[in-house]
Amino acid sequence: MSANYLDGLNERQREAVITLQGPVMIIAGAGSGKTKVLTTRIAHLMRNGVDAFNILSLTFTNKAAKEMKERVEKILGSNEARNLYIGTFHSVFARLLRSDAPKMGYPSDFTIYDADDAKSVVKTIINELNLDDKHYKPNLVYNRISAAKNSLIGPEAYQVDYYLQQEDQRASRPLTGKIYDLYVKRCYKNGAMDFDDLLFKMYQLLKGFPDVLAKYQHKFKYIMIDEYQDTNPAQYEIVKLLGAVHENICVVGDDAQSIYSFRGATIQNILQFEKDYDDVKVVKLEQNYRSTKSILGVANEVIAKNKGQIEKNLWTDNVEGDKIKLVRTNTDNEEGKSVADTIAELKLRNHFANRDFCILYRTNAQSRSFEESLRRQAIPYRIFGGLSFYQRKEIKDFIAYLRIISNSRDEEALKRIINYPVRGIGKTTLEKVAIIANDQNITFWEVLERASEFGFKGGTLEAIANFVIMIQSFRVMLDKHNAYEVAVQVGKSTGIVKELFNDKTTEGLARYENVQELLNSIKEFTETPTEDGELLDDKSLGIYLQQITLLTDADNTNDENSDVVKLMTIHASKGLEFPVVFNVGLEEGLFPSGLSINSREELEEERRLFYVAVTRAKSRLFITYANSRYRFGQLQQNEPSRFLEEIPEKYLDRSYAGGGLRNSGAMGGGASWGNMFDKRKAPGAAAGPSRPAQQEPRPRVISSPTAANHTPSANFTADDPATMEVGMDVEHQKFGFGKIIGLEGAPNNRIATVMFPKAGGEKKIMLNYAKLMIVRQ
DNA sequence: GGGCGCAGCCTTTTT
DNA sequence: GGCTGCGCCC
């Protein structure tokens, strides 16, 4: 234990740490040691006799939570910190809801629907209502529902809210409220909560059950909220309820870094905090330890353009540092090349490692040109964001099995896997199931269990019965086996693992490896003791599932072991820092986004986003933009971002990266720059060690050999499906020769499993469609 | 069932 | 430009 953990703090930080009682607001400028203050404060609470079980600390990302817990542990030199309630709003509430969800009619193993699941439910409902999906786009409707929930507006309130109704009328979606209502009911029936429900239901739980509220008010004597500027009304109300008795609420944030209003965050929460409680102690952390004077100077100049901020003056003792490099290129590809070239050069000259670099963009779609140029330079990189591991199809499929085992009401999971792998329960059957389920108001699973009552017959009934028995056998296993053992059995019994193993295509191999990785992660989960004091011995499937749904790709950003250049959106970079930062795509329409320039509020949020981007850099900052780039498959001319004009010239070192030419003039309305160099687009014209310009096409995944052209035998004629039997050698027009190793399905709709040694292994063939010729019986 | 081609969407950002 | 979902074929 380090006794003098207070020594390393500056005066302000110290003040923030030792003020333990009552409401405290810490305004923490970028790079001002916020995490240090938060963690030290928690440690200090515990040193002063506060039980870890009584401290609740809410963060925005899992990564931030993990880091905090580790740092508290380090200060304390003990594992007491494991008893702290530190986590994201979503994960902590999911945990609390586990014990109390049954009070509201949900199973304690309720499923958490991610955005994909939720949109799928919305889509189903739109279809069921026979609404035209030109107007009722699932995506937009879902966003609308999400926004309502984040403002604690339920379906009833929604449908009588004048302004909401007006908006929906104007958008030609008058029935959005109706969809919302049905959506909520459907999720309930499915025993599922979406991300927003974790907040909304938590709120309803506290509001509706005074004993529960009292329990948690008593439990959480000290509450700390990180990134308070990004909280939404639901989070705000919950915090207010939980803290109402002790009022030991410490919020930390920076209004200048509020960038999540699109998700319902209200910057007002932080601006108004002083009015919410009596005697709020406000501490401002204004010394920046991260960046050079130049970088911070730019940041301050930019953010000064925003109105209505909490007054502060961010300063640093650090060196002046280099000017900010502002690089213009002709195209997005050249932008990528310029960045990759610069990275290569800095590595060579200044001995930077790959991990010292980060490329920050406004939208995920911008990553492509950088990926290509980095690959060409053989610079290892990793993209954060985008599809997380758990969103891959093969992983979602596998997890769907675990979900339906854990929660039989989970209709979305059931739909995913009822016919994967193929078992003869097709679209028609599923439609019948859906109709019966809606009609009788029972779950899909119940319909399947009682399939014979509902008139399913023959092969279909048999297939359903087998499926039901299989899932039930997994459930029985749960009593005596942990999540990993059940998962392994699922892989075996369903044949998924074998099927993926037999697929020898490149993609198939990757899928197989991913599933293996999933199994490993489940194993790891069952073998690691939970940090969660109350659930120490429970390593059940339900907990595992709830946990992984709340995991993001960005949570792995701190993987210090891998020496790679990082690519991510600015949003994902919040809270991180890098020696060298490239802030790319500074163009009108892109950054600020064309969708966010219609009001002062929107534009100010874009500017805060730019502020966040600038303040990620420690020693070197590059800002780049291109005259033209491909968007939507079309070449688009762009003007330089208005934010560039807000940077005083003295901070900038301008250059043009197309041919090493210098542009000396000020930015006299970028339009004139447009065509100057257009004609010299030849690949070799670019600066740098131009290789003999063989612009190698991007390495592509080789397309699957299953498409390999087998030339059918001259005498090929299809044989009658009814005559096929297991063990026969057959020929397929495309896949070549193979052996039937399985037969299933109704007599009039037989499905053969055939092993094709030369075409990727086992395939399921529907004999009614694909023709097979018997070669040898 | 699944492969293929086409249409339409997407591009704001995520727990 | 890339991805998804859909309808059509075998």
Side-chain angles (χ1 to χ4, degrees), chain A residues 58-65 87-94 112 114-116 118 123 133-134 137-140 143 146 150 194-199 227 230-232 234-235 259-265 332 360-369 384-388 393 419-427 549-555 568-574 585 589-597 602 605-606 608-609 612-613 629-636 703-704 706-707 718 732-735 745 749-753 763-772:
Chain A
L58 297 173
T59 63
F60 209 64
T61 63
N62 293 298
K63 201 190 74 185
T88 63
F89 280 92
H90 292 83
S91 68
V92 168
F93 294 167
I112 298 173
D114 66 16
D116 287 339
K123 196 174 172 188
D133 58 4
K134 288 272 181 295
K137 288 178 191 159
N139 220 340
L140 298 179
N143 286 343
S146 172
N150 283 323
D194 65 19
F195 285 146
D196 306 309
D197 282 333
L198 294 176
L199 307 179
E227 310 279 14
D230 286 327
T231 51
N232 62 35
Q235 290 161 327
I259 55 174
Y260 279 103
S261 77
F262 72 94
R263 243 173 62 188
D332 46 355
L360 294 178
Y361 35 74
R362 179 68 179 83
T363 67
N364 278 310
Q366 283 165 262
S367 69
R368 226 194 69 251
S369 63
F384 294 88
L387 262 203
S388 98
K393 189 185 169 306
N419 205 27
Y420 169 78
V422 182
R423 52 173 69 89
I425 309 178
K427 209 174 142 193
T549 314
L550 297 172
L551 244 39
T552 333
D553 193 43
D555 292 330
M568 63 187 85
T569 62
I570 301 166
H571 281 88
S573 77
K574 202 172 61 164
L590 189 59
F591 193 13
S593 160
L595 298 171
S596 306
I597 49 175
E602 287 174 344
E605 177 144 323
E606 293 286 308
R608 289 193 294 269
L609 198 52
V612 168
R629 72 173 59 238
Y630 274 95
R631 274 184 102 191
F632 288 104
Q634 282 202 317
L635 194 65
Q636 206 175 64
S703 68
S704 92
T706 50
H732 183 278
Q733 283 177 297
K734 233 200 245 166
F735 301 145
N749 186 21
R750 303 183 89 194
I751 301 163
T753 308
K763 303 230 176 267
K764 301 257 186 186
I765 305 284
M766 287 192 79
L767 296 176
N768 281 359
Y769 299 112
K771 299 180 178 85
L772 290 181

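Small disclaimer: the values here were computed from a predicted structure and weren't measured. Lettering of chains follows the sequences in order, A, B, ..., and the numbering in each one begins at 1. Keep in mind that the numbers below use all heavy atoms, side chains included, and drop hydrogens, waters and symmetry copies.
Within the nucleic acid shown, A:Glu606 comes within 4.0 Å of at least one base atom, counting heavy atoms only.
For A:Asp116, there are no side-chain hydrogen bond (donor to acceptor under 3.5 Å, both in side chains) partners two or more places apart in sequence or in a different chain. Taking A:Arg608 as the reference, A:Glu605 meet the side-chain hydrogen bond (donor to acceptor under 3.5 Å, both in side chains) condition, with sequence neighbours excluded. A:Phe262 meets the ring-ring contact (aromatic ring centres under 6.0 Å, His included) test with A:Tyr260, A:His571; sequence neighbours excluded. Under the side-chain hydrogen bond (donor to acceptor under 3.5 Å, both in side chains) criterion, A:Asn419 pairs with no residue at all, not counting sequence neighbours. The side-chain hydrogen bond (donor to acceptor under 3.5 Å, both in side chains) search around A:Asp230 returns A:Lys574, not counting sequence neighbours.
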Which pairs, protein N/O on one side and nucleotides 4-6 of chain C N/O on the other, fall under 3.5 Å?
from	atom 1	to	atom 2	distance (Å)
C:dC6	OP1	A:Lys123	NZ	3.1

message = Working note: A:Leu199 + A:Asn232, criterion side-chain contact (heavy atoms from CB on, under 4.5 Å); need CA distance, chi angles, decisive distance, verdict.
response = CA-CA 10 Å; A:Leu199 307 179; A:Asn232 62 35; 3.7 Å; yes

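Among the nucleotides B:dT15, B:dT13, B:dT11, the one closest to any side-chain atom of A:Thr363 is B:dT13. Out of B:dT14, B:dG2, B:dC10, the shortest distance to the side chain of A:Val422 is found at B:dG2. The side chain of A:Asn364 approaches B:dT14 more closely than any other nucleotide in the set B:dC10, B:dT14, B:dT15. Side chain of A:Arg631, nearest nucleotide from B:dT11, B:dT14, B:dG1: B:dT11.
Here A:Phe262 packs flat against the base of B:dT13; its ring centre is closer than 5.5 angstrom to the base's six-membered ring, tilted by less than 30 degrees.
Spacing between atom CG of A:Asn143 and atom C1' of B:dT11 amounts to 13 Å, rounded to whole angstrom units. Here the C1' atom of nucleotide B:dC10 and the CD atom of A:Gln636 are 13 Å apart, to the nearest Å. Straight-line distance from the CD atom of A:Gln634 to the P atom of B:dC9: 15 Å, rounded to whole Å. The separation between A:Asp230 atom CG and B:dT14 atom P is 12 Å, rounded to whole Å.
Although no hydrogens or angles enter the test, the distance criterion places no donor-acceptor pair under 3.5 Å between the side chain of A:Asn143 and the main chain of A:Leu140.
OP1 or OP2 of B:dT14 lies within a sub-4.0 Å distance of a side-chain N or O belonging to A:Thr569.
Checking A:Asn419 against A:Gly594, the closest nucleotide of DNA chain B that is more toward the 5' end is the one next to A:Asn419. Place A:Ile425 and A:Lys137 on DNA chain B by their nearest nucleotides, and A:Ile425 ends up nearer the 5' end.
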